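So that the names make sense, note that chain A is the first sequence line, chain B the second, and so on, each numbered from 1. Everything numeric in this text was worked out from a predicted model, so none of it was measured.
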There are 2 protein chains.
Amino acid sequence: MSGNSPSPRRGRPRTFDPHEVMQQVQDAFWKGGFEGTSIGDLAGATGLNRPSLYGAFGDKHALYIQALQQYRDATQAAGRKILEDAPTLRTALEDLFRAAIRLYTDDEEARGCFVSSTAPPEAMRDTTVRRELAVTNDGLDEMFEARIARAQAEGEACTGLPPDEAARIASAVLHSLSVRARAGASRRALHALAQSAVDLLAQAPETGRSEGR
Amino acid sequence: MSGNSPSPRRGRPRTFDPHEVMQQVQDAFWKGGFEGTSIGDLAGATGLNRPSLYGAFGDKHALYIQALQQYRDATQAAGRKILEDAPTLRTALEDLFRAAIRLYTDDEEARGCFVSSTAPPEAMRDTTVRRELAVTNDGLDEMFEARIARAQAEGEACTGLPPDEAARIASAVLHSLSVRARAGASRRALHALAQSAVDLLAQAPETGRSEGR
DNA sequence: GCATTTTCGTACCCATCGTTACAATATTGG
DNA sequence: CCAATATTGTAACGATGGGTACGAAAATGC
C-alpha cells in the first residue's frame with residue numbers, strides 16, 4: 001500500500017536474497033525438525049551468521065513459522081495448478097499424487113511433507129504452529145474439493161461421496177504418503193497407495209480401472 | 001527360558017513399576033516430542049530422578065525407542081481385538097476408528113497418535129526411529145488386511161480393491177486422523193472423515209449407507 | 001551381624017542452546 | 001566529505017541440555 005519502494009533502502013545493503021535464504025532455512029528444518037535444528041545449523045545452511053538471521057526474520061520461532069507459510073503457499077499453489085490443468089479427475093489426482101511423491105522422496109531419502117513431518121510435535125504446546133498446521137490441512141481439503149466439484153459439474157462419474165468428503169479422503173492419502181515416505185517406504189510402494197486411492201475416488205464411468213498401472 | 005525368577009532380586013528394591021514409569025515417559029514424549037522433552041521433564045513426569053531413569057532404561061534415545069514399542073504393542077493389540085470382535089467389516093472399521101479418535105483426542109486437546117506425531121521429525125536422521133516408524137506402519141497395514149481378507153472370505157461385499165490395497169487406505173485414514181487431531185480438529189470433524197472412509201471401504205451389499213450417522 | 005549387591009539422591013561436568021552487545025563496514029542523502 | 005542508517009562478524013552471556021561420579025540407603029545371602 002505504501003508503494004513498494006523501488007528506491008534502494010538506506011544503509012548497508014544485504015548480501016543475500018531473503019527468499020532464497022528462507023528456502024534454505026526450510027530445508028534445514030525439514031531435515032531436523034524445529035527442536036532438532038539449532039540456529040547454528042540454520043547459519044551453516046544459509047551461509048550467514050546468527051545475528052543476520054535475527055535481523056532479517058526474527059527469532060527461531062518466527063523463522064520456523066515463515067518457513068511453514070512459504071512451503072504451504074508454494075506447494076498448494078503448485079498443487080492447484082496441477083489439478084486444474086488435468087482434463088479428468090482421474091488424471092488430476094494421478095498427477096498430483098505423482099508430484100507429491102516426487103517431492104516427498106526427492107534428494108535424500110525419507111523427506112516426507114515438511115509441514116506434516118515437523119509441525120505435529122510442536123503443535124500440542126505451540127498454538128501458533130497448531131494453527132498453521134490446521135490452515136495447511138484446510139487448504140489441502142479445499143484444493144481437492146474444488147477440483148472434485150468441478151468434475152461433478154462436468155458430469156464426471158466418480159465416487160458416491162459428496163465432494164467435501166471425497167476431498168478429505170484425498171488429503172488423507174497425502175498425509176499417509178508423507179508418513180510412509182518419512183518411514184523410508186519405496187517410491188514403488190507410495191505409487192501403489194496413490195493408485196489405489198485414485199481407483200477408489202475416481203472410478204472411470206465404464207472401465208473399472210484405467211489402462212495398466 | 002532361564003526361569004523367570006520368583007526369587008526377589010538382590011540389592012535394594014525398586015520403588016517404582018517400570019511399566020507404569022514407561023507409560024509416563026510415553027505421555028511426556030507424546031506431549032513434547034523427542035527433542036522437545038528433556039530428561040528433566042521425564043524425571044518430573046515419572047517422579048523419579050535422572051540417574052534412576054538411566055539405570056532402569058538407558059539413555060534418552062533408548063527411553064524413546066522403548067516408549068514407541070510399548071505404544072505400538074498396546075495399541076495394535078487393542079486394534080486387532082476390536083476388528084476381530086466386530087461382526088461385519090463395516091462395524092469393525094467404525095469401532096476401530098471410533099477408538100482411535102478417542103485415543104487421539106483424549107485428556108488434553110490435540111494429542112494425535114504418539115508414533116506418527118513424534119517419530120517423523122527424528123526419522124530422517126535417526127535410522128532406528130525410522131525403522132520403528134516403518135514397523136508401526138506395516139503393523140497397521142497387516143492388522144487391517146487380516147480383517148478385510150476375513151470379510152471377503154465370509155462373502156461380505158466391500159470395496160473393489162484387493163484386501164492389501166484397501167488396508168493401506170484404512171491405515172491412511174488413521175494417519176490423517178492423527179495429523180488432524182494434532183491440528184486441533186474437532187471430534188465431530190474426525191468422525192465425519194472416519195464415516196466417509198467407512199462408506200468408501202465397506203459399502204453395504206444392499207443399502208448404500210447404513211442407518212443414520 | 002556382616003559382606004555384597006542394587007537403587008537412590010545430590011551434586012557436578014562440559015557442551016550446546018537461543019539470544020544479544022558492540023564495533024567494524026558499507027551504503028544513501030545532502 | 002560528512003552525518004545518518006542498516007548490515008555484518010566476533011564475541012560473549014546466562015540458561016539449559018544430556019550424562020555421570022559418588023556416597024547414603026535398603027535389600028539379600030551366609
Using nucleotides 9-16 of chain C, report all nitrogen or oxygen pairs with the protein that are shorter than 3.5 Å.
unit_1	atom_1	unit_2	atom_2	d
dG9(C)	OP2	N49(B)	ND2	3.3

Quick one: list whatever passes side chain to side chain donor-acceptor pair (under 3.5 Å) with Q70(A), sequence neighbours left out.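 For Q70(A) the side chain to side chain donor-acceptor pair (under 3.5 Å) partners, ignoring immediate neighbours, are Q23(A).
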A side-chain contact here means heavy atoms from C-beta on lying under 4.5 Å apart; do L190(B) and F97(B) qualify?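 No, too far: nothing below the 4.5 Å cut-off.
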Spacing between [X] atom [atom1] and [N] atom [atom2], to the nearest angstrom:
X	N	atom1	atom2	answer
R14(B)	dA27(D)	CZ	C1'	14 Å
E35(A)	dG18(C)	CD	P	9 Å
I39(A)	dC13(D)	CD1	C1'	16 Å
F34(B)	dG18(D)	CZ	C1'	10 Å

Should the pair [X]-[Y] be classified as a salt bridge under the 4.0 Å nitrogen-to-oxygen rule?
X	Y	answer
D27(B)	K31(B)	no
E84(B)	R80(B)	no
D106(B)	R102(B)	no

By a strict heavy-atom criterion of less than 4.0 Å, which residues belonging to residues 57-65 of chain A are in contact with DNA chain C?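 The answer is D59(A), K60(A).
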Would you say dA27(D) has OP1 or OP2 under 4.0 Å from some side-chain N or O of R10(B)?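 The answer is no; no side-chain N or O of R10(B) sits under 4.0 Å from OP1 or OP2.
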What pair of heavy atoms forms the shortest contact from G33(A) to T118(A), and how long is it?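 Scanning both residues, the minimum pair turns out to be CA-CG2, 4.0 Å.
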Taking all non-hydrogen atoms of both residues into account, name the closest pair between C113(A) and S178(A) and its distance.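 That closest heavy-atom pairing would be N-OG, 2.8 Å.
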Side chain to side chain donor-acceptor pair (under 3.5 Å) between S38(A) and D41(A), worked out: CA-CA 5 Å; S38(A) 70; D41(A) 293 334; 3.3 Å; yes
Name the residue closer to the 5' end of DNA chain D, choosing between G11(B) and Y54(B) according to the nucleotide with the nearest heavy atom.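 Taking each residue's closest nucleotide, the earlier one in sequence belongs to Y54(B).
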